[in-house]
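Okay, so here's the structure we're looking at.
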Amino acid sequence: MSVTLTQFSDDQAEAFDRVAEVLRSSGVDIEESLTTPRTDNAAGALAIIGKAGSGKTMLLARLAEALAEAGVDTISGDFEGKRRKDKRTLAILAPTNKAASVLRSRGVPATTIHRILYTPVYDPEYEKIAEWLMGNGERPEVEGLTDAALDRAQAFFKQNKSIPGALAAAGLKGSDFILGWKRREDPLDIGFVDEASMLDARQYDDLVEIFPTLVLFGDPAQLAPVNQSGAMVFDGLPEPRKMTLSRVHRQALDNPILDLAHALADDALRFEDFERMIEDAAASDDRVVLAPRVEASMMARSPALVWRNATRIRLIHAFRAAYDAPADALLPGEPLICDGIELPLKHRKKRLDLEARGLIKGAQVIYLGPGRKPGFSRLHVTGALEPQVSAASIVKIEMPEEDEPFIPFAANMGAAFLHGAAVTIHKAQGSQWPEVQVFAPDLYAASRAGRMEAGLPLWKRLAYVAITRAEKRLHWVTRYRLAKPDDPLTTADLQAPAAPFELTKEPEP
């Protein structure tokens, strides 16, 4: 097989062998590239844990390659063809669209947990096209679609492996070929879950129920989900089911951001000492910036990371003021965060429609402009494979020292949004951006509060998560100031849709 184990550190090689052993017990031999039909035997859950730079993503990618070589199909939440009993499958999952897009940017075909738990129901006529693209049927004849349109769909699918994207290339809208979504009932096969520190107990139980073989990849130094008392789902696994990657790899050694992250493991390190380390790093390496103010221009695509909600709200209002945003409307290009779906239980199908398009709690979205119907918005869902959507929206802008948010416009019901120019470090977990601004006065306040989480000072966990969100450059902001932008907000940097998927029918209350 092409996976070269000599590229691994000793702990990676040991983890690879342990996963290979678990897969072999389920009938998939990645060392001999052999598979046998799936049985009812469950291999169970296994966790690979390690801090930033320890090679978790590299290991996940190599395991996925080895499974592909063994003939295991990687599936997504876009479309699943007719199930073959003798075919083994793998799903590579992340908790959010943004986290999945980080994996995809590294060549790993990831999708979200939600897109696996809820599967699309295709119109039978267009399902023929999907089966043909997947190699499970003959080239179909579909009324209204020319040979040239099918050729475009085929060319797109060969390049991108996305069924909805291929059908869009043929000139179809999502509402043409997807009738709705349904909760998965049948179990799957092998599941890899990245950013497993973000999983709550309910999500974990759902995954264990549908994946007989489940491998979790997580960082024990990150923040645990809210309301889980600082515990992560892999903490409860027995020790033989947990493998720890401790070595920091060569490509991470010359990275001042990761150096700072790992320095936080020192029990004796105080906040003041850590800030001096940041000052020293900034003096010698431009990948760390000691910033006297927040840059409004960066907040449009990379939110300022804070601890306290009061700080988040103040920064959002400063951002909007810097761009002269009106109080009763959004400007195209303003960032939003999905705060959930506000629909009664009787509209379950509509809820699934919205969530399946990526509008789940915590999703990062860019406002593109008003939709064609009152209360609708055109949106760009960050990290989604098909990011453009028009949906009934309820936009809330929280006010400083006010209990109730201001609502500039809203549908009767639909997807609810908060402003996203600044977010809490908890909400940023799982995401990465090329450049990140961390609001240091908030972390200083956390250090002064003396709070602990799972035996560690909270400020250290916050600092670790915040600075490891930066892929290329960390801006450590030291003052309550904001620099005005030089240019107006824009949407020119976002993928322009040929025909955005529209969730057209707003339900009656």
Side-chain angles (χ1 to χ4, degrees), residues 11 15 18-19 22-23 25-26 42-52 54-57 59-60 63-64 77 90-100 102-103 108 110-118 183-184 187-246 355 360-363 424-432 452-456 458 460-462 464-465 468-469:
D11 53 7
R18 183 71 185 92
V19 175
V22 168
L23 292 172
S25 71
S26 73
L46 177 73
I48 309 296
I49 58 178
K51 292 185 179 180
S54 60
K56 296 186 299 297
T57 301
L59 181 60
L60 186 156
L63 285 164
L90 165 71
I92 303 171
L93 311 175
T96 65
N97 280 300
K98 191 67 171 70
V102 170
L103 283 175
V108 180
T111 189
T112 63
I113 293 170
H114 194 278
R115 289 296 291 267
I116 287 295
L117 294 178
Y118 293 93
R183 181 72 156 80
R184 180 182 297 281
L188 286 172
D189 194 352
I190 302 165
F192 288 175
V193 184
D194 197 30
E195 296 290 351
S197 56
M198 296 175 66
L199 294 180
D200 59 33
R202 182 175 178 179
Q203 288 173 314
Y204 177 69
D205 289 343
D206 283 341
L207 291 169
V208 169
E209 185 178 337
I210 65 171
F211 287 104
T213 303
L214 188 67
V215 185
L216 308 175
F217 296 81
D219 186 337
Q222 293 197 19
L223 294 158
V226 178
N227 300 324
Q228 282 205 188
S229 304
M232 300 176 187
V233 293
F234 46 73
D235 291 337
L237 292 175
E239 287 304 317
R241 285 269 162 175
K242 289 187 284 189
M243 300 294 298
T244 300
L245 305 181
S246 55
E355 291 176 341
I360 57 178
K361 192 174 179 69
T424 61
I425 295 168
H426 248 115
K427 272 206 168 71
Q429 195 156 277
S431 299
Q432 283 191 305
M452 304 289 286
E453 183 175 297
L456 290 176
L458 176 61
K460 289 187 177 183
R461 284 193 179 272
L462 291 167
Y464 178 88
V465 172
T468 54
R469 300 311 93 201

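Everything numeric in this text was worked out from a predicted model, so none of it was measured.
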Non-neighbouring partners of K427 that pass salt bridge (Lys or Arg N to Asp or Glu O under 4.0 Å), sequence neighbours left out:
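Applying salt bridge (Lys or Arg N to Asp or Glu O under 4.0 Å) to K427 gives none.
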Which residues pass the salt bridge (Lys or Arg N to Asp or Glu O under 4.0 Å) test with R469, not counting sequence neighbours?
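Counting only residues at least two positions away or on another chain, R469 forms no salt bridge (Lys or Arg N to Asp or Glu O under 4.0 Å).
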Enter the distance from [X]:[atom1] to [Y]:[atom2] here, rounded to the nearest 0.5 Å.
| X | Y | atom1 | atom2 | value |
| --- | --- | --- | --- | --- |
| L46 | T213 | CG | OG1 | 10.0 Å |
| L237 | Y204 | CG | OH | 4.5 Å |
| K56 | I49 | NZ | CD1 | 9.5 Å |
| E453 | R461 | CD | CZ | 5.5 Å |
| E195 | T57 | CD | OG1 | 7.5 Å |

Minimum-distance pair of heavy atoms, taken over all atoms of [X] and [Y]:
| X | Y | value |
| --- | --- | --- |
| A64 | I92 | CB-CD1, 3.8 Å |
| M198 | P225 | O-CG, 3.5 Å |
| K242 | D235 | NZ-O, 3.4 Å |
| A221 | K51 | CB-CE, 4.0 Å |
| D11 | S246 | OD2-N, 2.7 Å |
| A231 | A224 | O-CB, 3.4 Å |

Apply side chain to side chain contact (heavy atoms under 4.5 Å, CB included) to residues L462 and L223 and explain how you reach the verdict.
CA-CA 7 Å; L462 291 167; L223 294 158; 3.8 Å; yes
Quick one, I48 with R18, criterion side chain to side chain contact (heavy atoms under 4.5 Å, CB included). Give me CA distance, side-chain angles, the key distance, then yes/no.
CA-CA 10 Å; I48 309 296; R18 183 71 185 92; 6.0 Å; no
Testing I113, L117, I116 for side chain to side chain contact (heavy atoms under 4.5 Å, CB included) with D206, which one passes?
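Of I113, L117, I116, side chain to side chain contact (heavy atoms under 4.5 Å, CB included) with D206 is met by L117 alone.
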Could you go step by step and tell me if Q203 and L199 meet the side chain to side chain contact (heavy atoms under 4.5 Å, CB included) rule?
CA-CA 6 Å; Q203 288 173 314; L199 294 180; 3.9 Å; yes
Between V108 and F192, does the side chain to side chain contact (heavy atoms under 4.5 Å, CB included) criterion hold? Intermediate values first, please.
CA-CA 11 Å; V108 180; F192 288 175; over 6 Å; no
When you compare the side chain of L63 with that of F217, does any pair of heavy atoms fall below 4.5 Å?
yes
Heavy-atom check, side chain of L207 versus side chain of L93, under 4.5 Å
yes
Is a donor on one side and an acceptor on the other found under 3.5 Å between the side chain of K98 and the backbone of S431?
no
